Novice: 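I am attaching a structure below and will ask some questions about it afterwards.
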Amino acid sequence: YSLADNMDLAKIDLDEASGDEIQESIRKIILDSMTNHIKYSHSNGTNYIRMTVIRSKRTFLYATIGSMVLAVLLGLLFSAVLPEGANNFLNDNFLDPVSTMFMNALKMIVGPVVFFSIVSCIVQFSDISSLGRIGGKIIGTYMITTAIAIAVGIGVFTLLRPGDASMAQTLADDASAISSQTVEVSIKDTIVGIIPSDIITPFLESNMLQLIFLAVICGIAASMLGKYSKLLTDLFTAFNDLFLKITAIIVKAMPIAIFCSILSMMLRLGIKTMFSVLGMFGTFLLGLAVMMCIYCLILILFGRLNPLPFIKKYAPSMLQVFSLSSSSASVPLNLEACEKKLGINKRISSLSIPLGATLNMHGTCIYLAIFALALAKIYGVEVTGSMMMSMVVSIFILSVGAPGIPGSGLICLSVLITQMHVPVEAIGLIMGIDALCGMFRTMSNCLGDVAVSLIVARSEKAIDLKTYKDLK
């Protein structure tokens with residue numbers, strides 16, 4: 001037998017002399033467990049029953065959740081029972097290498113997936129003006145929701161005001177490792193950096209802005225080549241399908257990678273460190289929850305869609321991108337969720353999801369606002385009106401210019417608090433939980449990408465409502 005989708009499990013020959021009663025009994029037994037997957041035929045005096053086994057679509061979800069729960073339980077157990085040296089050995093020689101290999105495989109595929117998905121999307125537009133209209137809607141919506149996310153972060157902090165001056169005594173020893181790193185915050189340099197000096201480097205570095213620029217240029221040029229346009233369209237579409245299939249193969253190993261990644265995080269942080277900044281972390285999670293409610297409200301008001309199918313059908317993908325901790329690496333998963341689960345036309349999702357991986361960092365905006373203000377409070381730095389305005393502008397720029405990779409949020413935060421005259425050593429207070437924060441940031445970022453894709457697709461009548469509403 002085979003568990004592959006839509007593969008025959010068996011063919012059973014029933015002797016004609018068995019009688020109708022036996023045949024009916026067997027039919028009932030089979031139908032009780034495999035309804036809708038039975039076919040009957042009669043040929044040359046022989047009755048045939050064809051049974052087909054369909055793999056449950058929730059199997060991967062169950063494996064993902066199970067690996068996360070098991071990793072957390074073992075992490076708590078090992079932290080309490082095993083000596084620190086044993087945990088470090090396990091992490092350095094087994095867990096971290098597996099996580100690194102999986103992330104490297106995803107990073108390898110991100111560049112081609114983003115490039116070919118955008119190119120294959122653009123070449124389908126016969127009217128360039130419609131491309132500009134859809135692109136303008138996507139970028140404009142991302143900018144508006146980014147401003148909302150910054151406001152949510154500031155508002156939630158003002159409401160709860162986490163941060164205690166006594167926490168400054170618990171600085172990590174390796175905070176200086178962050179102070180030596182920088183991230184570009186200049187609008188001018190960000191715009192200039194969109195155009196690459198060569199074609200290869202954007203793929204090697206997975207530079208999203210440069211890849212998007214190359215893809216848009218190639219897509220527009222390919223659609224203007226006349227008799228070669230059809231050939232190039234088929235070629236780009238084939239490459240897009242190829243790299244998406246490679247991604248699907250890589251993702252099959254995700255439960256193992258999730259287990260290793262979360263267990264490694266648990267062993268690195270330890271129980272005490274995880275609870276030391278619980279107040280700030282809880283405020284951050286509340287901000288993400290508020291933003292999720294705003295997404296649902298936007299879907300109702302502007303998309304005229306019931307948000308329940310969106311939440312229910314995207315939930316399995318949220319767990320997957322949670323463990324990846326990378327908006328860029330989550331692009332293939334979000335593309336699949338948009339097209340197969342939510343019924344969004346490929347023309348929209350192939351453009352909005354890669355753009356969102358670069359422009360839409362809602363979770364990062366909330367993270368930067370809450371932790372920057374909390375660290376300023378801990379160190380007794382008074383945030384004036386002008387400083388607040390400067391912080392908002394800096395967060396907006398950082399959210400657009402920061403790469404969608406694990407660890408970028410911590411570097412952005414170090415730049416932001418330096419501008420606010422908070423000692424960079426303050427990063428040590430949250431360095432231990434940044435990996436966990438990164439997972440939640442990615443989940444919120446990707447949720448926003450898909451929500452905006454739904455809104456734009458709805459406005460362009462490019463969504464299959466039957467697929468969207470189908471909760472089976």
Side-chain angles (χ1 to χ4, degrees), residues 4-5 60 100-125 131 135 138 196 198-223 228-257 316-317 320-321 323-342 344-360 403-406 442 445-446 449-450 453:
D5 291 352
F60 191 80
T100 301
M101 286 190 294
F102 182 76
M103 288 304 300
N104 286 344
L106 284 177
K107 290 176 183 177
M108 169 191 72
I109 208 70
V110 163
V113 165
V114 170
F115 178 79
F116 286 109
S117 66
I118 294 179
V119 173
S120 62
C121 166
I122 291 177
V123 294
Q124 297 177 31
F125 285 90
L131 171 62
I138 293 171
D198 61 85
I199 296 179
I200 305 300
T201 301
F203 288 92
L204 295 178
E205 298 179 353
S206 293
N207 188 312
M208 289 296 144
L209 289 176
Q210 294 183 354
L211 283 172
I212 291 171
F213 174 80
L214 285 176
V216 170
I217 290 296
C218 290
I220 293 175
S223 64
Y228 294 110
S229 294
K230 179 64 169 60
L231 174 63
L232 288 175
T233 298
D234 294 339
L235 181 64
F236 285 132
T237 302
F239 272 113
N240 185 45
D241 293 341
L242 169 65
F243 286 106
L244 288 177
K245 178 60 68 175
I246 294 174
T247 303
I249 296 173
I250 295 173
V251 167
K252 290 182 182 295
M254 184 176 289
I256 298 175
S317 300
Q320 295 170 24
V321 302
S323 63
L324 292 179
S325 190
S326 169
S327 298
S328 298
S330 302
V331 167
L333 298 176
N334 289 330
L335 286 172
E336 181 182 12
C338 286
E339 296 161 16
K340 295 184 178 180
K341 297 180 181 179
L342 300 173
I344 299 175
N345 190 288
K346 200 171 185 178
R347 289 194 315 161
I348 305 297
S349 60
S350 295
L351 190 60
S352 64
I353 295 301
L355 279 174
T358 301
L359 301 178
N360 176 45
I405 59 175
T442 301
N445 293 341
C446 293
D449 295 347
V450 178
S453 300

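This structure is a prediction, so every number in the text was calculated from the model and none was measured.
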Novice: In Å and rounded to the nearest 0.5 Å, what is the CG to CG distance from L351 to N345?
Specialist: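 Interatomic distance, L351 CG to N345 CG, rounded to 0.5 Å: 11.5 Å.
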Novice: Under 4.0 Å between a side-chain nitrogen and a carboxylate oxygen: does that hold for D234 and K230?
Specialist: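 Yes, charged N to carboxylate O under 4.0 Å.
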Novice: Are the side chain of N360 and the backbone of C446 linked by a donor-acceptor contact shorter than 3.5 Å?
Specialist: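 A pair under 3.5 Å: no.
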Novice: Would you give the length of the straight line joining atom NZ of K340 to atom CG of L335, rounded to the nearest 0.5 angstrom?
Specialist: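 Answer for the NZ-CG pair, K340 versus L335, is 11.0 Å.
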Novice: Which atom pair, heavy atoms only, marks the closest approach of I353 to S453?
Specialist: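 Result for this residue pair: CD1-OG, 3.5 Å.
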Novice: How close do S330 and T442 get, counting heavy atoms only, and between which atoms?
Specialist: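 Of all heavy-atom pairs spanning S330 and T442, the closest is OG-CG2, 3.9 Å.
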Novice: Which pair of non-hydrogen atoms, one from L355 and one from I138, has the smallest distance, and what is that distance?
Specialist: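 Taking L355 first and I138 second, the nearest heavy atoms are CD1-CG2, 4.0 Å.
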Novice: Looking at P354 and S349, what are the two nearest heavy atoms and their distance?
Specialist: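 Heavy atoms only, the tightest pair is CD-O, 3.6 Å.
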Novice: Using 0.5 Å steps for rounding, measure from the CD1 atom of I199 to the CG atom of L204.
Specialist: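 So the gap between those two atoms works out to 12.0 Å.
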Novice: Return yes when atom CG of L242 has more than 12 non-hydrogen atoms of other residues, nucleotides or ligands closer than 6.0 Å, and no otherwise.
Specialist: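 Check passes, neighbour count above 12.
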Novice: Answer yes or no: is there a side-chain heavy-atom contact under 4.5 Å between F239 and P112?
Specialist: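 No; the side chains remain at least 4.5 Å from each other.
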Novice: Grab the two heavy atoms, one from P202 and one from L214, that are nearest each other, plus how far apart they are.
Specialist: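 Reported closest heavy-atom pair: CG-CD1, 3.9 Å.
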Novice: Go through the structure and list residues passing side-chain contact (heavy atoms from CB on, under 4.5 Å) with S317, not counting sequence neighbours.
Specialist: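 With neighbours one apart ignored, the set is Y314, A337, K341.
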Novice: Of all residues at least two apart in sequence or in a different chain, which pass the ring-ring contact (aromatic ring centres under 6.0 Å, His included) check with F115?
Specialist: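 Counting only residues at least two positions away or on another chain, F115 forms a ring-ring contact (aromatic ring centres under 6.0 Å, His included) with F203.
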